[in-house]
Amino acid sequence: MLRTLTTARVLSFMHGSRRGFVTACLLASIGLASPAGATADYCGTVRQTPDGFLALRAGPSTQFEAVLRLYPGDELWLDTAACTSQRGLSVCDETDRWRHVTSVRRIDARRNSFTQGWAHARFLSERPCPER
């Protein structure tokens, strides 16, 4: 079973043709599995940004690929996860500046899917989710 190591390491990895440096918690096949999941769900709205959009990223850093543009007013489902698993690594936000997005309502309502990524907390208004 896999366990997230407590020591964070800066790793160099290839992402497509781009090289990036990420802070990641290494996974090792020792001990018991420790959950890196969410403990509570909440919602957020994208605020105005200098560029007119907010990049949804593959991980909690500007070094990660931008996977989608979010626009002011976009409604998001967020969770409290500080780590997500990618390619055998548990990628963690150690700065508490990023929020894990589990769904973008504008996109996912049409496609019946779940768009996931990381958005910078500075440009989000966080709030409880409305009743479903």
Side-chain angles (χ1 to χ4, degrees):
M1 300 182 101
L2 297 177
R3 187 180 90 152
T4 303
L5 296 178
T6 57
T7 304
R9 306 241 166 103
V10 177
L11 300 177
S12 172
F13 76 105
M14 294 300 291
H15 183 68
S17 62
R18 298 171 58 183
R19 172 165 246 158
F21 291 93
V22 299
T23 301
C25 299
L26 292 176
L27 292 180
S29 55
I30 58 175
L32 300 174
S34 64
T39 57
D41 290 328
Y42 58 105
C43 289
T45 304
V46 177
R47 295 171 22 198
Q48 191 65 25
T49 66
D51 295 330
F53 68 91
L54 175 61
L56 182 69
R57 297 194 172 273
S61 165
T62 57
Q63 298 298 312
F64 283 91
E65 176 185 15
V67 295
L68 181 72
R69 286 185 176 190
L70 302 173
Y71 296 98
D74 276 350
E75 295 179 28
L76 312 174
W77 291 96
L78 309 167
D79 70 26
T80 59
C83 299
T84 57
S85 180
Q86 295 180 9
R87 297 182 181 153
L89 296 176
S90 184
V91 180
C92 301
D93 171 28
E94 297 174 345
T95 64
D96 197 34
R97 294 182 188 158
W98 295 82
R99 299 296 178 261
H100 185 241
V101 176
T102 58
S103 180
V104 179
R105 192 167 188 184
R106 166 178 59 89
I107 295 168
D108 298 338
R110 290 189 311 235
R111 295 191 303 191
N112 195 24
S113 64
F114 297 99
T115 302
Q116 295 192 18
W118 293 83
H120 200 286
R122 181 173 154 196
F123 300 107
L124 299 176
S125 296
E126 298 172 7
R127 58 183 167 68
C129 293
E131 296 289 323
R132 293 185 195 201

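Here, residue 1 is the first one in the sequence, and each next residue gets the next number. The analysis underlying the following values was restricted to heavy atoms, covering all of them including side chains, and did not include hydrogens, waters or symmetry mates.
Distance alone, capped at 3.5 Å, is enough to place a donor-acceptor pair between the R57 side chain and the F64 backbone. R69 places no side-chain N or O within 3.5 Å of a backbone atom of A66 that could act as its donor or acceptor partner.
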#### Entry: Chi angles and distances behind the side-chain contact (heavy atoms from CB on, under 4.5 Å) call for H100, W118
CA-CA 5 Å; H100 185 241; W118 293 83; 3.7 Å; yes
### Task
Please report the C-alpha distance between Y42 and D79 in whole Å, then the side-chain angles of each, then the deciding distance to 0.1 Å, and finally whether the side-chain contact (heavy atoms from CB on, under 4.5 Å) criterion is met.
CA-CA 6 Å; Y42 58 105; D79 70 26; 5.7 Å; no
#### Entry: salt bridge (Lys or Arg N to Asp or Glu O under 4.0 Å) between R99 and E126, intermediate numbers included
CA-CA 10 Å; R99 299 296 178 261; E126 298 172 7; 2.7 Å; yes
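Hydrophobic cluster membership is shared by V101 and V67, with clusters built from Ile, Leu, Val, Met, Phe, Trp and Tyr side chains linked at under 4.5 angstrom. Hydrophobic clustering, with ILVMFWY side chains joined whenever heavy atoms are under 4.5 angstrom apart, groups L78 together with F123.
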Only distances under 3.5 Å count here; give the side-chain donor-acceptor pairs of residues 49-56 to other protein atoms, sequence neighbours excluded, each with its distance to 0.1 Å.
residue: T49; atom: OG1; partner: G52; partner atom: N; Å: 3.0
residue: T49; atom: OG1; partner: F53; partner atom: N; Å: 2.9
residue: T49; atom: OG1; partner: F53; partner atom: O; Å: 2.9

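Taken to the nearest 0.5 Å, the CH2 atom of W77 stands 10.0 Å off from the CZ atom of F114. The CD atom of E75 sits 9.5 Å away from the SG atom of C129 when rounded to the nearest 0.5 Å. Note: S103 OG to L76 CG = 8.5 Å, rounded to the nearest 0.5 Å.
Summarising the local packing, CZ of R97 is surrounded by 12 or fewer heavy atoms from other residues, nucleotides or ligands at distances under 6.0 Å.
The side-chain contact (heavy atoms from CB on, under 4.5 Å) search around A109 returns none, not counting sequence neighbours.
Between the side chains of D108 and T115, a donor-acceptor pair is found at a separation under 3.5 Å.
If you run side-chain contact (heavy atoms from CB on, under 4.5 Å) between V91 and each of S85, P60, S61, only P60 comes through. Across V46, L124, T45, I107, a single residue satisfies side-chain contact (heavy atoms from CB on, under 4.5 Å) together with L70, and that is V46.
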